[in-house]
Amino acid sequence: MQKGAREYWRRMGRVERAFLISFLLYVILRIAGISSLAQTLFAVSAFILGVITLFRLARRGMKEAIWRLRNRLIVAYLFIAVVPIVLILTLVGIAGWMVIGQMAVYLVNTELTHREMSLWRPVEALAHHPTGNDPEPAVRRFSMMIRTGFPSFELLVTGRNQVRYPEDAKVTSPSPVWRDAHGLILKREGGEERLYAWAHAVHEGEEVTARAPVTRELLTELVPGLGDVAFAPLMGPARESHVPPPKNIFDFPLRGFYAVDVHYWDAPHQQRGLILLVDTRISAVLGTVFQKLDWAELALAAFVVVSIIFLLVELVSLVAGIQLSRSITGAVHELYEATQHVKEGDFSYRIPVKGSDQLAELGSSFNTMTENLGRLLIVAKEKERLESELEIAREVQNQLFPKDVPYTKTLELKGVCNPARMVSGDYYDFMSLSEYSLAFAIGDVAGKGISAALLMAAIQSTMRTQLGSLHGNGRLPLSTAQLVGNLNKQLYATTSPEKYATFYFAMYEETTHSLTYTNAGHLSPMLLREGNFEMMDSTGTVVGAFPFAKYKEKTVVLEHGDMLVAYTDGIVEPENEYGEMFGEDRLKDLVVRYAHTDSSEIIARSMEAVIQWTGSSELQDDMTMVVARRI
């Protein structure tokens with residue numbers, strides 16, 4: 001358990017560690033009752049670090065939660081589709097609530113303004129049309145007009161005559177500041193503020209003032225059936241609600257509001273802000289607007305139907321989105337499982353393919369890919385085995401090439417073979433015959449690779465066996481023609497008919513400085529003597545192809561400074577990008593140019609020039625060259 005705690009502590013970040021330390025120190029100081037200031041500091045630091053830790057843990061938990069592609073797609077779908085729709089619906093709901101609420105306020109405010117005008121017109125008429133000595137009949141007549149809008153009101157006429165209506169009316173003349181005015185006004189009476197609708201007109205000494213109390217009951221009756229209406233905060237809650245009952249579950253209650261600035265009766269320059277509140281329902285507002293309840297119910301029913309259809313479409317879309325997400329994530333999960341099997345080396349695992357869409361095609365492609373990978377793995381292992389065997393063959397072949405050059409006082413030998421592949425089909429060899437004689441050979445086996453290398457090994461073995469047998473018996477060496485003829489018969493008897501090789505074999509006698517050679521179909525070696533070339537042409541056909549082939553030999557005496565250059569077709573036949581071969585003429589130019597250098601330099605420069613000619617680092621064919629220099 002201690003090990004688990006140490007592991008958990010090691011995995012925590014610096015912020016989490018600081019939070020735990022601060023919290024533990026706060027708890028210790030709190031229990032011990034030490035230093036309230038330190039307690040406060042550690043509590044604040046623990047709170048801040050705790051908030052940061054909570055945020056980090058939430059972010060880490062979110063990353064782990066959406067690690068699976070299915071969860072990530074669902075979250076993405078929520079952000080892309082559901083959240084915008086919820087926001088749009090919320091916006092539409094708020095806008096609808098505000099619009100319908102303002103419609104309710106507009107209805108109430110319009111009717112209230114109409115009532116105010118019904119109070120203003122009689123007052124204005126009384127002020128502009130004096131009634132003579134008996135104003136009471138006119139006052140009663142105009143009061144009938146006022147009562148249609150305000151059942152309870154007070155009227156005061158001053159000027160030539162003073163009349164109050166009713167006789168016990170307590171209305172007084174307003175401040176002289178007021179002239180013609182009407183609307184809403186506040187008046188302080190008995191420590192309370194009361195709201196009135198009023199009208200005041202002055203004309204040629206006649207002054208008419210009327211006021212009517214604005215109560216909750218009056219406001220509620222302005223638009224019958226609409227709901228409760230009041231001015232807040234002047235009017236308290238209603239004793240009895242007049243909001244109509246809902247028509248259906250979507251007939252939500254709502255409240256409209258409208259700010260109004262109202263002046264005071266005794267202080268015209270002072271005003272108070274009131275809010276006109278209308279508590280109603282959607283059906284009540286629509287019923288008032290459409291005038292007929294049937295139309296309102298029809299509009300509300302249409303809204304409900306459209307909302308239900310919209311909800312159903314959204315649910316269907318949600319289900320379809322989840323199903324599509326499941327199909328996508330299911331395919332990805334199958335791919336993930338398959339990759340885990342492939343990672344463990346199990347190429348036999350196959351993804352179950354369903355349907356004919358792109359995901360199914362992807363699964364089929366993956367199955368085909370794993371099947372091909374399994375085959376390629378087998379091929380790769382086989383190739384690796386073959387390469388290993390080729391490497392062994394190359395090491396064996398390297399051992400076949402001569403490591404030491406037979407020593408003579410008057411002839412210098414140097415040979416190099418650069419294979420185009422792991423192993424070479426070219427051949428060269430140096431052999432000591434006696435204290436005063438040696439032999440050397442160069443050949444080119446038809447084909448490349450292992451088969452050519454094996455034939456090359458057979459040629460070397462045959463020639464060394466013949467020369468070793470003659471030297472061991474103390475017999476004089478056979479002629480080069482006889483040796484090459486024996487090689488031809490041996491190869492023909494032990495190899496398939498299509499296997500053959502070009503072969504150049506020469507023996508040098510130091511006492512006479514003579515070079516006897518047989519050229520069995522090989523490229524003519526060139527002898528450089530005093531700046532001129534002599535070509536050692538073919539004296540017979542290739543070896544291994546015809547059992548009764550006849551070969552001849554020729555002898556040439558090497559003079560001091562003579563240089564013999566033998567080579568395979570990998571030196572003169574490589575082509576450049578235009579299809580032009582390197583050729584013997586360029587090789588001759590190189591030999592002449594570097595004739596004063598040692599044999600290794602001549603071979604190196606020649607092979608380097610061929611590689612530059614082809615423009616590629618890969619050899620087109622095996623390159624082998626032997627240089628024999630008379631010293």
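Residues: numbered from 1 along the sequence shown.
- Of all heavy-atom pairs spanning Ala201 and Asp180, the tightest one is CA-OD1, 3.3 Å.
- In this structure, Asp279 and Pro253 have side chains that are not in contact, with every pair of non-hydrogen atoms separated by 4.5 Å or more.
- No more than 12 heavy atoms of other residues, nucleotides or ligands lie within 6.0 Å of CZ in Arg30, so this atom counts as exposed by the packing criterion.
- Residue Glu334 comes nearest to Pro352 through the heavy atom pair OE1-CD, 3.6 Å, listed as atom of the first residue, atom of the second, then distance.
- Side-chain atoms of Leu186 and Arg272, non-hydrogen and from C-beta on, do get closer than 4.5 Å to each other.
- Taken to the nearest 0.5 Å, the OG1 atom of Thr280 stands 13.0 Å off from the CG atom of Leu277.
- Inter-residue side-chain proximity for Ile100 and Phe252 is flagged as unmet; no heavy-atom pair is nearer than 4.5 Å.
- In this structure, NZ on Lys187 lies 11.5 Å from CD on Glu193, to the nearest 0.5 angstrom.
- Using cut-offs of 30° and 60° on the angle between ring planes, the pair Trp265 and Trp198 is tilted.
- Smallest separation of non-hydrogen atoms from Ala230 and Leu219: CA-CD1, 3.9 Å.
- In this structure, Pro233 and Leu274 have side chains that are in contact, with non-hydrogen atoms separated by less than 4.5 Å.
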Item checked: side-chain contact (heavy atoms from CB on, under 4.5 Å) evaluation trace for Asn367 with Glu371 -> CA-CA 6 Å; Asn367 290 337; Glu371 183 178 357; over 6 Å; no
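- Residues Phe153 and Ser143 have side chains in contact (heavy-atom distance under 4.5 Å, counting atoms from C-beta outward).
- Met369 CE: more than 12 foreign heavy atoms inside a 6.0 Å radius.
- Pro213 is not listed as a side-chain neighbour of Arg194, based on a closest heavy-atom distance of 4.5 Å or more.
- Taking 4.5 Å as the limit, every side-chain heavy atom of Val15 sits out of range of all side-chain heavy atoms of Phe55.
- Not a single donor-acceptor pair under 3.5 Å links the side chain of Glu111 to the backbone N or O of Val223.
- Judged purely by atom type and a 3.5 angstrom limit, Asp228 has no side-chain atom pairing as donor or acceptor with the backbone of Ser241.
- At distances below 3.5 Å, not a single donor-acceptor pair connects side-chain atoms of Arg211 with backbone N or O atoms of His200.
- Between Arg281 and Pro244, the shortest heavy-atom distance links the atoms NE-O, 2.6 Å.
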Notebook entry, point to check: side-chain contact (heavy atoms from CB on, under 4.5 Å) between Leu184 and Phe231: does it pass, once the steps are laid out?
Noted result: CA-CA 11 Å; Leu184 298 177; Phe231 278 98; 3.8 Å; yes
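- The neighbour count for Tyr264 OH, taken as heavy atoms of other residues, nucleotides or ligands under 6.0 Å away, is above 12.
- The line from CG of Leu156 to OG1 of Thr172 is 7.5 Å long, rounded to the nearest 0.5 Å.
- Applying the 6.0 Å contact sphere to CD of Glu382 captures more than 12 heavy atoms from other residues, nucleotides or ligands.
- Between Phe23 atom CZ and Ile28 atom CD1 the span is 10.5 Å, to the nearest 0.5 Å.
- Checked by atom type and distance alone, the side chain of His242 pairs as donor or acceptor with a backbone atom of Glu240 at under 3.5 Å.
- Contact between Thr370 and Arg350 at its shortest, heavy atoms only, is OG1-NH1, 3.3 Å.
- Of all heavy-atom pairs spanning Leu226 and Ala104, the tightest one is CD2-O, 3.9 Å.
- In this structure, Leu119 CG and Tyr196 OH are separated by 13.0 Å, a value rounded to the nearest 0.5 Å.
- Contact annotation: the side chain of Val278 never approaches that of Tyr258 to less than 4.5 Å [non-hydrogen atoms, C-beta and beyond].
- Remark: Arg255 CZ is loosely packed, at most 12 non-hydrogen atoms of other residues, nucleotides or ligands lying under 6.0 Å away.
- Annotation: the span from Ile48 atom CD1 to Thr53 atom OG1 amounts to 11.5 Å, rounded to 0.5 Å.
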Checklist line | Derivation and outcome, side-chain contact (heavy atoms from CB on, under 4.5 Å), residues Val171 and Leu155 | finding: CA-CA 7 Å; Val171 61; Leu155 181 64; over 6 Å; no
Note to self: If you apply the rule salt bridge (charged side-chain N to carboxylate O under 4.0 Å, His left out), what do you find for Lys170 with Glu154, and how did you get there?
What the structure shows: CA-CA 8 Å; Lys170 298 179 180 180; Glu154 295 178 333; over 6 Å; no
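- Counting only distance, with no hydrogens or angles, the side chain of Ser22 and the backbone of Phe19 share no donor-acceptor pair below 3.5 Å.
- Looking only at distances, no side-chain donor or acceptor of Thr110 sits under 3.5 Å from a matching main-chain atom of Leu107.
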Next item on the list: Show your reasoning for whether side-chain contact (heavy atoms from CB on, under 4.5 Å) applies to Glu124 and His203.
Entry: CA-CA 9 Å; Glu124 184 185 27; His203 183 71; over 6 Å; no
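- Counting heavy atoms of neighbouring residues, nucleotides and ligands inside a 6.0 Å radius, atom OH of Tyr349 exceeds 12 of them.
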